[in-house]
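Here is the structure we will look at.
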Amino acid sequence: MSSDTSEIIRQDDVTIRFAGDSGDGMQLTGTQFTDTTALVGNDLATFPDFPAEIRAPAGTRAGVSGFQIHFSSADIYTPGDAPDVLVAMNPAALIINYKDLKPGGIVLVNTGSFTEKDLERADCKTNPLTDGSLSGFRVIQEDINQRTIEALAGSPLGKKDVLRCKNFFTLGMMYWLFSRPIEPTLEWLEEKFGKKPDLFDANTRALKAGYNHGELLRLFQGRYEVPKVDNVEPGTYRNINGNQAVALGLVAGAELAGLKAFLGSYPITPATDILQYMSVMKNHGVITCQMEDEIAGICTAIGASFAGHLGMTNTSGPGLALKTEAMGLAVITELPLVIVNVQRGGPSTGLPTKVEQADLLQCIFGRNGEAPIPVISCSSPADAFECAVEACRIAVEYMTPVILLSDNYIANGAEPWKLPAIEDLPRFEVKFVTDPEGYTPYTRDAKLARAWAKPGTPDLMHRIGGLEKDARTGNVSYDPDNHQIMCETRLAKVMGIRDSIPTPTYYGPDAPDLLVVSWGSTYGATRSAVEALQKEGRRIGRLHMRHMYPLPYGLPEIFASARRIVLPEMNFGQLARLLTSEYPQFKFEQHYKVKGKPFFAPELKAHFRTILEEMA
Amino acid sequence: MSSDTSEIIRQDDVTIRFAGDSGDGMQLTGTQFTDTTALVGNDLATFPDFPAEIRAPAGTRAGVSGFQIHFSSADIYTPGDAPDVLVAMNPAALIINYKDLKPGGIVLVNTGSFTEKDLERADCKTNPLTDGSLSGFRVIQEDINQRTIEALAGSPLGKKDVLRCKNFFTLGMMYWLFSRPIEPTLEWLEEKFGKKPDLFDANTRALKAGYNHGELLRLFQGRYEVPKVDNVEPGTYRNINGNQAVALGLVAGAELAGLKAFLGSYPITPATDILQYMSVMKNHGVITCQMEDEIAGICTAIGASFAGHLGMTNTSGPGLALKTEAMGLAVITELPLVIVNVQRGGPSTGLPTKVEQADLLQCIFGRNGEAPIPVISCSSPADAFECAVEACRIAVEYMTPVILLSDNYIANGAEPWKLPAIEDLPRFEVKFVTDPEGYTPYTRDAKLARAWAKPGTPDLMHRIGGLEKDARTGNVSYDPDNHQIMCETRLAKVMGIRDSIPTPTYYGPDAPDLLVVSWGSTYGATRSAVEALQKEGRRIGRLHMRHMYPLPYGLPEIFASARRIVLPEMNFGQLARLLTSEYPQFKFEQHYKVKGKPFFAPELKAHFRTILEEMA
Amino acid sequence: MSELQQLKAKDFKSNQEIRWCPGCGDYSIIAGVQAVLADIGVARENVVMVSGIGCSSRFPYYMETYGFHGIHGRANAIATGVKVANPDLQVWVITGDGDGLSIGGNHMIHSLRRNVDLKIILFNNEIYGLTKGQYSPTSPQGLKTKTSPYGSVDAPFNPLQLALGSGSTFVARTLDTQPKHMKEVLAAAAAHKGSAFVEVWQNCVIFNDGCFKDWTDKTTRDEQTIMLQPGQPMVYGKDQDKGLKIDGFALKIVPAAEASAWDPTVDSAGPAFVMTQLDNDPAMPRPFGVFRSVRKPTLDELVHEQIGTVTTKRGPGALKDLLYTSDCWTVD
Amino acid sequence: MSELQQLKAKDFKSNQEIRWCPGCGDYSIIAGVQAVLADIGVARENVVMVSGIGCSSRFPYYMETYGFHGIHGRANAIATGVKVANPDLQVWVITGDGDGLSIGGNHMIHSLRRNVDLKIILFNNEIYGLTKGQYSPTSPQGLKTKTSPYGSVDAPFNPLQLALGSGSTFVARTLDTQPKHMKEVLAAAAAHKGSAFVEVWQNCVIFNDGCFKDWTDKTTRDEQTIMLQPGQPMVYGKDQDKGLKIDGFALKIVPAAEASAWDPTVDSAGPAFVMTQLDNDPAMPRPFGVFRSVRKPTLDELVHEQIGTVTTKRGPGALKDLLYTSDCWTVD
Ligand SMILES: Cc1ncc(C[n+]2csc(CCOP(=O)(O)OP(=O)(O)O)c2C)c(N)n1
Ligand SMILES: Cc1ncc(C[n+]2csc(CCOP(=O)(O)OP(=O)(O)O)c2C)c(N)n1
Ligand code: SF4
Ligand code: SF4
Ligand SMILES: [Mg+2]
Ligand SMILES: [Mg+2]
């Protein structure tokens with residue numbers, strides 16, 4: 001591109017939020033910016049903020065779609081807190097988002113969409129550009145609509161289509177502002193629109209024009225450079241969101257078990273994508289069945305496991321509720337099954353597109369009878385792959401249903417993921433019984449897993465089901481002692497999983513004043529907050545939980561070393577309650593937020609600091 | 001009846017078990033004995049032991065039906081532990097039951113059903129009457145079949161029908177043995193068979209013949225007398241089982257709220273009877289809808305509550321699992337609803353006809369999102385009435401779903417119930433909103449209950465549903481702060497119920513060595529065991545919980561007074577876990593039994609004694 | 001009071017801003033319902049709108065009546081509770097092809113067989129709209145959607161056949177693009193005493209745009225559709241020149257003059273079912289209008305009738321009678 | 001190996017003692033299934049019996065095949081998983097009128113529309129047996145049961161109509177009292193590729209004894225029933241002297257010679273549906289046999305065909321390809 005004489009401002013950490021109407025293409029703009037940023041070697045994390053499920057009228061506040069990217073020259077763990085830069089394509093986008101901005105942050109406004117009518121649609125009584133709302137920010141006003149029209153003069157496209165290109169014009173400006181190359185996006189445009197030269201040409205021109213506009217017009221006070229992370233671990237990377245990672249992990253897990261993956265599912269936000277991703281993987285032998293409801297989803301998966309596949313089902317809270325009875329069936333039939341629950345705001349339909357982690361106790365205790373099921377929780381998009389593989393491992397090694405917990409924040413958030421070498425992945429190949437000698441359905445191995453014989457195998461015909469079975473023969477049994485033995489055995493088997501899982505690593509000084517225990521998607525904000533305080537020399541440490549049930553060994557030793565223990569949770573203290581019930585000798589202080597929004601690192605930092613200061 | 005010269009043995013406490021084939025009429029025999037025993041003024045408790053759900057082939061062990069009655073001249077709390085007397089109508093009944101007998105107990109055997117074929121059907125390789133099995137018991141052999149045939153000589157009934165009367169012959173013998181009058185049964189026969197003189201005559205003759213047979217033939221060493229309880233509280237009594245009591249309590253509760261009862265249900269053992277009882281009460285305006293499944297059951301009840309009735313639904317574990325999602329809807333719409341869960345053995349279909357109390361944590365925590373629901377548990381058949389009324393009170397006073405826990409043991413067990421005076425029952429009349437002034441669906445009263453306006457009321461049209469609502473307007477709201485406020489408010493409302501419930505009474509010495517905490521149907525055995533130890537002068541006390549969630553005030557003070565605390569539960573320690581999580585400063589020791597059978601007082605007594613001795 | 005004044009369609013609009021996509025067929029349906037409610041002169045407070053979850057199921061929020069936005073698939077069950085509890089209310093069920101036929105299929109067929117007096121509008125857009133475009137139980141085999149990237153392998157329901165197979169006493173079909181026809185059908189449904197099942201073809205402009213275009217396009221629709229009119233000969237075509245004639249267990253195309261008459265009020269559901277078979281035959285026009293309309297006792301009537309009978313026979317029950325039965329004994 | 005030797009009915013008996021009441025119709029059905037399995041010569045290890053909960057649903061325990069005793073109402077869904085995972089298995093669903101039509105109604109209609117290759121036997125005794133006698137969705141209106149002491153107010157399903165309304169490709173009915181007929185029908189179901197729905201009238205001696213006696217009593221049954229035979233004229237009566245003739249959208253009784261022939265293989269489900277309308281008319285005989293039998297692609301076929309097509313086109317996927325896509329970048 002053209003040579004550049006702007007002042008270069010070096011910054012190590014930037015958060016940008018793109019916001020516009022649902023029709024403005026902000027998700028695409030954000031994704032392109034992300035991919036390019038990954039390529040230049042920054043660490044990054046992103047989070048889209050979709051409007052509520054139904055498309056709202058254009059230009060309204062309810063219709064605003066946002067995409068936030070946080071990138072840095074150091075390792076980062078969240079999509080950022082208060083943005084440094086807000087791109088607002090219309091009044092609604094501006095109004096909804098500007099309050100989140102860092103003081104002194106940059107607002108790039110598309111004045112082309114600030115007509116009277118636009119303001120009215122956004123329910124603005126006064127114009128936020130002129131009513132003083134934006135004082136304290138650096139506001140850059142540009143009629144991006146007009147600039148795009150100018151840049152595309154002579155294009156054969158109609159006006160509407162021309163205006164559609166304004167997001168690429170904006171992207172170009174942002175590329176210039178943050179010193180990113182435009183080539184990766186040009187390549188992408190080529191791939192995407194190669195066969196539609198008019199569109200390719202228009203978007204390319206808009207992108208370049210935006211870039212040049214940044215440079216030529218000196219709209220900005222200078223240009224930023226965010227150096228790449230220099231001590232990145234070598235390897236192959238890709239950006240991934242949590243739902244993708246779960247889908248990949250499940251398919252990988254089945255393969256590592258030597259089985260075919262079978263997903264019985266029913267769409268529900270924010271879990272649907274997992275079904276969508278897996279339904280593409282037909283050439284990997286993956287079977288996906290979109291069933292009539294969640295009950296049928298899990299029941300087909302149970303049937304498939306009975307037939308010798310690795311049954312899986314995915315859902316979110318209300319759907320998990322419906323699967324409750326069938327989960328009990330999976331427990332008593334001791335079939336492997338992976339149940340993915342992508343949590344969202346509850347109770348009931350609640351806030352379907354928002355984040356919460358309030359299904360933990362439901363997952364652990366929410367079944368009739370003594371029906372223990374191991375529960376694993378993933379902490380970030382990249383971590384979700386490993387957790388999904390781990391869920392598959394436990395399911396087949398212990399012949400048990402396993403619940404894998406994710407949430408809306410992980411599901412839709414994205415970050416670079418260092419790909420594992422295929423040969424490094426754990427293998428846990430299933431050996432089906434084929435020898436009738438001594439076989440009964442409840443013959444158990446050292447892990448107490450029962451023998452798995454699949455239909456089609458001669459001379460191993462057997463019957464299983466929801467009624468209690470005799471521990472020896474596998475026949476229906478009403479015997480009182482047998483029932484207790486079977487209940488105890490099922491529990492012992494699940495508890496035995498502890499022998500195969502690690503104690504979570506404690507990070508921090510010995511004998512910390514404050515120990516922060518996190519789980520699920522509170523990982524990133526907690527880690528950022530704790531590390532920041534550690535840098536300040538505070539005696540604070542942290543522990544992140546992956547295995548929620550059974551709890552791994554070694555926790556009391558860690559808890560004992562701390563003066564105080566606090567648990568930030570997006571619920572009213574569910575893990576705190578669980579830990580208290582297991583380790584009543586310690587005091588677990590809950591710190592909750594139930595707002596459909598993740599914790600932000602600064603608010604956690606402030607909270608931890610207050611505690612530390614109380615103790616000083 | 002004829003004058004009597006037998007030796008009279010006074011005994012204060014007797015347990016009899018009647019056992020025979022499903023076709024032998026043992027339930028009827030037991031019920032008659034019970035009713036007569038109530039009339040003579042003993043305290044009593046009964047428990048039927050049905051065979052598994054499906055009728056097994058006649059004469060087989062699986063087909064044995066039992067009925068146990070425990071009666072006494074003092075207050076008693078359980079249907080008894082080891083029986084003093086076993087009536088065994090065939091080999092299967094004998095084999096299955098004789099091991100439970102008290103050493104030296106009486107076995108009355110109907111030798112008429114001990115042919116080779118009978119023994120074979122019962123899977124007996126040798127004849128238990130002759131192979132020494134019964135040594136140590138006082139065995140009375142009588143060919144009851146033959147005696148009945150003789151007694152009915154000349155009856156116009158066929159042989160099969162004649163033989164059907166053998167249970168009344170047996171009943172007559174037992175009436176003699178325990179010095180009960182036969183008149184109440186004669187009256188019953190008159191009422192029942194008044195229009196069928198042949199049957200009336202046959203059964204009457206059998207009954208009298210049995211009675212005389214006892215007297216004349218001196219089969220027994222003497223005759224027992226169990227004096228009536230002399231300090232019985234004056235009042236009107238009736239025998240009642242738990243399901244009946246719940247049905248009555250729900251209908252009473254609705255009436256006390258000034259509402260019509262609406263039960264949306266689906267049959268499931270052991271909860272079906274509640275639907276059956278309530279479906280008879282049409283002239284009380286009770287609506288019962290047997291729906292297509294449990295989900296429809298609860299959803300119709302929710303709809304009925306929306307329409308201004310008191311919605312109710314009843315089920316057992318697997319059905320409760322299915323209602324999970326809809327319970328969340330009831331939470332967020334804040335409609336009154338009573339959900340009865342009659343627990344049975346799990347997980348999954350488990351042991352459908354057996355007892356267990358392993359759904360506690362499911363009831364409290366088993367929903368997606370933060371969805372608090374109060375949970376009440378009844379302790380005995382008679383207590384179930386009061387608990388059902390209490391559930392209705394909480395539901396309407398707090399505009400909330402309420403779970404009422406019962407179990408198979410309470411549901412089918414029976415005991416005398418002192419009827420409350422109608423005017424003494426609590427009243428909690430609902431006042432529907434009719435004034436549009438200032439109305440919104442989430443206008444709250446001092447208890448935080450929201451305003452209830454029912455369809456049909458002019459100018460109060462409003463919409464509620466599963467999406468989060470604005471605390472002020474009641475419109476759909478995605479606002480983060482509003483969500484947290486609503487979640488907090490729903491929780492605060494449920495926690496506020498504590499202001500309206502009593503601290504459970506502690507019974508025992510101050511500062512006991514051992515405090516036993518019981519809940520649900522462990523009440524009776526626990527009370528018996530603790531009182532027995534108290535009589536021995538042990539420093540043991542007890543506390544029985546009715547309100548499981550929220551927990552009543554005042555518990556820590558009681559817990560603090562005891563050196564050790566133990567909780568007998570028919571699960572792996574669910575209440576112990578709950579209490580630990582609430583009061584980690586105390587150590588709650590669990591003592592479990594998961595055998596599909598209730599605790600027996602002696603086994604609890606032994607266990608408590610061991611603890612006490614450890615401490616000495 | 002409010003009953004006395006003549007309400008207009010707009011009086012049935014709530015103060016909530018509608019959140020459907022511009023161009024969505026749902027707009028025309030809500031307009032139709034509001035117009036019909038005004039026409040039949042029902043008081044707003046006596047109307048209850050019950051829905052499940054889906055784009056269509058947001059409907060109750062936009063209506064100035066009582067409304068219950070339920071959970072996915074359970075609208076029919078909730079509505080059954082409302083109607084049986086209080087038969088004086090006019091209860092409408094608003095549901096989608098996913099809500100009412102996928103997860104809610106069981107409650108749908110059971111409420112139809114029980115003939116609960118509900119007005120059920122099934123918004124059929126052959127897609128899951130709210131969850132952004134997965135195939136539904138009415139999507140045609142082969143449809144590529146987000147969860148069927150290589151084409152759906154599921155054979156779809158014909159909603160009318162399912163309703164008839166469930167014993168529904170009123171079965172009809174209309175289209176979002178024909179407001180007049182829709183109002184006629186909705187008015188007939190409102191007038192029917194018993195379960196009224198109305199399938200409305202509804203275009204989802206975002207995820208399944210044009211799925212009904214062969215039958216809605218102004219240029220082709222007259223030849224491709226036939227509007228059944230009770231008691232009238234079955235004729236169709238731009239010039240009303242074609243007709244349908246009963247031929248054994250089937251229908252054939254004949255000149256208008258030879259057309260058989262259509263009678264939705266026969267007791268047998270057979271003719272209506274045969275009529276729905278036209279949907280499988282590309283050579284035949286698609287029928288719309290009322291397929292079946294027969295009067296049978298409704299569940300709510302029967303429940304309250306039984307309560308009445310028993311109460312008359314036994315006398316109204318007092319709580320005391322329930323507790324103090326003949327089995328009691330007294331201790332003084 | 002075991003495939004080579006000719007199995008007998010008794011080889012399909014497991015070692016578990018049967019726990020049905022003496023005289024229960026279930027005995028005759030299990031005997032029929034065992035005989036048919038032996039006749040068709042399927043290997044025991046390739047047969048899977050899936051059931052829900054109910055007296056009838058204990059069936060799998062008594063069969064020496066693979067068996068899954070599921071939860072109430074979910075047999076069809078579990079069986080769908082088994083069959084789609086491994087289409088080489090012959091999968092039977094054993095269910096009752098409560099299990100399969102009440103709580104399990106949705107999975108029933110969906111598995112039928114999807115044409116999953118399952119052999120579904122619905123044991124219809126018009127009652128809930130296992131829970132000891134409550135009315136079911138097939139109980140006639142007015143039936144007094146434990147939960148309907150004054151008579152049931154629910155209008156029942158006609159199972160055949162529901163199956164036809166769901167798009168079932170094979171629909172049949174038989175009776176526990178006619179073992180020969182039952183075997184014919186079960187054999188036809190086994191031979192059908194696709195969902196085969198077989199309603200069996202089954203007498204519950206304990207809770208609903210004699211509910212079918214008008215059609216099972218030796219003295220009356222010949223006049224009250226008609227056994228449909230594919231391709232044959234529809235004749236009935238003790239002397240085979242009566243027949244049915246197609247008359248518009250209905251059937252009428254005619255002398256045997258004038259009877260129309262019965263063809264269950266026509267594509268339209270209309271004729272079969274009209275035939276089921278006879279059930280509503282006391283003047284007409286009740287039809288039994290195969291109502292519908294048409295070949296359509298099954299879900300299991302389509303799923304695996306699609307996997308095959310995509311795999312051929314894209315090549316079998318390796319895990320590596322799934323992870324290492326074109327979006328990756330490398331840091332050295
Ligand atoms: C228990 C449960 N499962 C799944 C969902 C997700 N969900 C919401 S709406 C919907 C489908 C809606 O389709 P349809 O009824 O056709 O309505 P439309 O949006 O097309 O109008 C689904 C799957 C949910 N909300 N609850
Ligand atoms: C979730 C659940 N709800 C209810 C039940 C209780 N239940 C068991 S079998 C049954 C009905 C059985 O009727 P049907 O399917 O007709 O079988 P039948 O016993 O008549 O053969 C019911 C309601 C259950 N086991 N699980
Ligand atoms: S997604 Fe489709 S159905 Fe939903 S509002 Fe938009 S156009 Fe209508
Ligand atoms: S209860 Fe009825 S259906 Fe069940 S086994 Fe007995 S006779 Fe058969
Ligand atoms: Mg739809
Ligand atoms: Mg049945």
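Just so it is clear: chains get the letters A, B, ... in the order the sequence lines come, proteins before strands, and each one is counted from 1.
Separation of atoms OH (D/Tyr150) and NZ (C/Lys313) is listed at 8.0 Å; rounding is to 0.5 Å. In this structure, CZ on C/Phe273 lies 8.0 Å from OG1 on D/Thr276, to the nearest 0.5 angstrom. A distance of 5.5 Å separates CD in D/Gln141 from CG in C/Leu302, rounded to the nearest 0.5 Å.
Of the listed residues C/Gly105, C/Ala250, C/Pro159, the one with more heavy-atom pairs under 4.5 angstrom with chain D than any other is C/Gly105. Of all the listed residues (D/Gln277, D/Met108, D/Gln161), the one sharing the greatest number of non-hydrogen pairs under 4.5 Å with chain C is D/Gln277. Between chain D and the residues C/Thr309, C/Ile109, C/Leu164, the most heavy-atom pairs under 4.5 angstrom are made by C/Ile109. Ranked by heavy-atom pairs shorter than 4.5 Å toward chain D, the options C/Met275, C/Arg314, C/Lys296 are led by C/Arg314. Across D/Ser260, D/Ser166, D/Gly167, D/Pro297, the residue that shares the most heavy-atom pairs under 4.5 angstrom with chain C is D/Ser166. If you tally non-hydrogen atom pairs under 4.5 Å between each of C/Leu112, C/Ile103, C/Ile246 and chain D, the highest count goes to C/Ile246.
Between the side chain of C/Asn106 and the backbone N or O of D/Gly104 there is no donor-acceptor pair closer than 3.5 Å. C/Arg114 places no side-chain N or O within 3.5 Å of a backbone atom of D/Asp154 that could act as its donor or acceptor partner. Remark: the backbone N or O of D/Val153 is not paired with any side-chain donor or acceptor of C/Gln306 at under 3.5 angstrom.
The aromatic rings of D/His110 and C/Phe157 sit perpendicular, their planes meeting at an angle over 60°, well past the 30° parallel limit.
Proximity to chain C (any heavy atom under 4.5 Å) is restricted, for D/Leu101, to the backbone atoms N, CA, C and O. Contacts between C/Pro156 and chain D at a heavy-atom distance below 4.5 Å involve the backbone alone (N, CA, C, O). When heavy atoms are compared at a cutoff of 4.5 Å, D/Glu305 does not approach chain C at all. Using a 4.5 Å cut-off between heavy atoms, C/Ala163 does not touch chain D at all. There is no contact between C/Leu160 and chain D, counting heavy-atom distances below 4.5 Å.
Looking at every heavy atom in both residues, C/Arg113 comes nearest to D/Ala155 through NH1-O, 2.8 Å. Listed here is the closest heavy atom pair of D/Gly248 and C/Phe249: O-CD2, 3.6 Å.
Other residues, nucleotides and ligands place no more than 12 heavy atoms under 6.0 Å from the NZ atom of D/Lys245.
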